[in-house]
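Below, chains carry the letters A, B, ... as their sequence lines are ordered, and counting in each starts from 1.
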Amino acid sequence: MTTTTRPVKVKRTFEQTAWLWMRYSAFLLIPLAWGHMILQDVVVGVHNINADYAIQRIANLGWKIYDIFLLGFAFAHGMNGVRQVLRDYIRNPQTFQVVSIILLVVWFVITMMGAIALLAINQPLGG
Amino acid sequence: MSSMKTTLEGYASYRGREGHWSFLLHRITGLGVVLFLAIHIVDTSFVYFAPKLYDEVLNVYRSTLFGLGEIALVFCLFFHGVNGLRIAYLDLFAPQNWTIEKTRRSTYIALIVTLVLWLPSAGIMLYKLLYHNYGLFGG
């Protein structure tokens with residue numbers, strides 16, 4: 001008896017792509033988010049941070065790129081996580097769609113606030 | 001609301017042991033981190049939009065209450081990261097290891113790695129908090 005297999009191409013759904021990206025971004029966020037947290041919360045500490053320090057850091061091109069990646073991946077990962085959690089509690093698909101759109105708007109507005117600040121600051125105070 | 005009650009009762013009474021606990025801890029830590037992250041992106045953007053407000057927000061973050069919250073936040077991000085790596089690794093590279101026995105073991109390993117990362121960080125942060133807010137250790 002012989003068996004034959006026929007490869008079928010199945011289009012990946014949005015949820016499958018989101019599932020994969022939660023994992024890909026997890027690998028990226030380990031150095032990005034942990035690095036940021038260990039440096040700012042543990043090594044430098046909140047008592048040594050002020051507007052001057054933040055502006056100086058954002059004005060540095062290397063840290064600017066680091067922060068743009070961190071902002072993009074961390075908050076998208078987080079907001080999709082919130083969406084996944086809510087999907088467990090919201091049974092009605094229409095309600096869930098409305099909630100998803102609200103989350104998307106919140107994600108976009110907050111990400112833009114961060115992105116504008118990151119891109120607009122290009123030189124240290126008095127520099 | 002009634003489905004929320006059912007869910008919470010289910011969370012409390014379900015006896016899934018390690019898998020169940022790590023699921024709950026992953027959710028709680030993730031929600032905690034994203035809540036802080038949303039606030040943190042907005043307050044950091046104040047450095048451009050309202051620099052005076054930025055320094056005022058930092059004063060709030062320097063308080064003892066927020067300092068303790070920060071130590072908890074560091075635990076959340078360490079645990080969520082370690083456990084997230086465990087999940088991503090098992091899902092993408094070793095799905096055959098999603099068995100009850102192996103999952104139990106990897107859950108404990110994730111918790112131990114989290115503590116190894118968190119305890120020294122928490123110690124340093126607590127030291128700085130006591131130094132700046134209570135004048136201990138010559139502060």
With a 6.0 Å cut-off on ring centres, are F36(B) and H40(B) close enough? yes

Which residue out of L20(A), N50(A), T111(A) racks up the most heavy-atom pairs below 4.5 Å with chain B? N50(A)

Rounded to the nearest 0.5 Å, what's the gap from CG on L58(B) to CG on D43(B)? Could you check? 7.5 Å

Give a yes/no verdict on a cation-pi contact between R23(A) and W19(A), requiring under 6.0 Å between NZ or CZ and the six-membered ring centre and an angle within 45° of the axis. yes

Below 4.5 Å, heavy-atom pairs only: which of L77(B), I124(B), L37(B) has the largest tally toward chain A? L77(B)

Tell me the residues of residues 88-97 of chain B whose non-hydrogen atoms fall below 4.5 Å from those of chain A, in number order. A88(B), Y89(B), D91(B), L92(B), F93(B)

Among the options L31(B), N59(B), V47(B), pick out the one with the most heavy-atom pairs lying under 4.5 Å from chain A. V47(B)

Find out whether Q40(A) and Y53(A) are in side-chain contact, i.e. whether some heavy atom of one side chain is under 4.5 Å from a heavy atom of the other. yes

V33(B) versus chain A, heavy atoms under 4.5 Å apart: side chain, backbone, both or neither? neither

Do F75(A) and I101(A) sit in the same hydrophobic cluster, where Ile, Leu, Val, Met, Phe, Trp and Tyr count as joined when their side-chain heavy atoms come under 4.5 Å apart? no

Residue part contacting chain A, namely of F49(B), when any heavy atom lies under 4.5 Å: side chain

Counting only heavy atoms not in W21(B), do more than 12 sit closer than 6.0 Å to its CH2 atom? yes

Please indicate whether R105(B) has more than 12 foreign heavy atoms, meaning atoms of other residues, nucleotides or ligands, lying under 6.0 Å from its CZ. no

Which atoms of V109(A) are under 4.5 Å from chain B, going by heavy atoms: the side chain, the backbone, both sets, or neither? neither

Do F14(A) and L104(A) sit in the same hydrophobic cluster, where Ile, Leu, Val, Met, Phe, Trp and Tyr count as joined when their side-chain heavy atoms come under 4.5 Å apart? no

Using heavy-atom distances under 4.5 Å, tell me whether R27(B) contacts chain A through its side chain, its backbone, both, or neither. side chain

Does any backbone or side-chain atom of F78(B) lie under 4.5 Å from a heavy atom of chain A? Answer side chain, backbone, both or neither. both

Quick check: is V44(A) connected to I38(A) through a chain of hydrophobic side chains (ILVMFWY, heavy atoms under 4.5 Å apart)? yes

Using 30° and 60° as the class boundaries, would you call the ring planes of Y11(B) and H20(B) parallel, tilted or perpendicular? tilted

For L29(A), which atoms come within 4.5 Å of any heavy atom of chain B: side chain, backbone, both, or neither? neither

May I ask you to check whether over 12 heavy atoms, not counting those of Q16(A), lie within 6.0 Å of atom CD? yes

Would a hydrophobic clustering, with Ile, Leu, Val, Met, Phe, Trp and Tyr connected at side-chain separations under 4.5 Å, put I116(A) with F108(A)? yes

For chain A, which residues of residues 110-123 of chain B have heavy atoms nearer than 4.5 angstrom: L117(B), S121(B)

Using non-hydrogen atoms and a 4.5 Å limit, figure out which bit of L118(A) sits close to chain B: side chain, backbone, both or neither. neither

One thing to verify: whether E15(A) and R87(A) come together as a salt bridge, which I'm taking to mean a side-chain N less than 4.0 angstrom from a carboxylate O. yes

At a heavy-atom separation under 4.5 Å, does M113(A) approach chain B through its side chain, its backbone, both, or neither? both

Using a 6.0 Å cut-off, check whether atom OH of Y54(B) has over 12 heavy atoms from anything other than its own residue. yes

Test side chain to side chain donor-acceptor pair (under 3.5 Å) on N48(A) and K128(B) and set out the steps. CA-CA 10 Å; N48(A) 293 316; K128(B) 289 189 177 185; over 6 Å; no

Answer with side chain, backbone, both or neither: which region of V57(B) has an atom nearer than 4.5 Å to a non-hydrogen atom of chain A? neither

Taking L73(B), L85(B), T44(B), L129(B) one by one, which has the highest count of heavy-atom pairs under 4.5 Å against chain A? L85(B)

What about I71(B) and Y134(B), same hydrophobic cluster or not, with Ile/Leu/Val/Met/Phe/Trp/Tyr joined at side-chain heavy-atom distances under 4.5 Å? yes

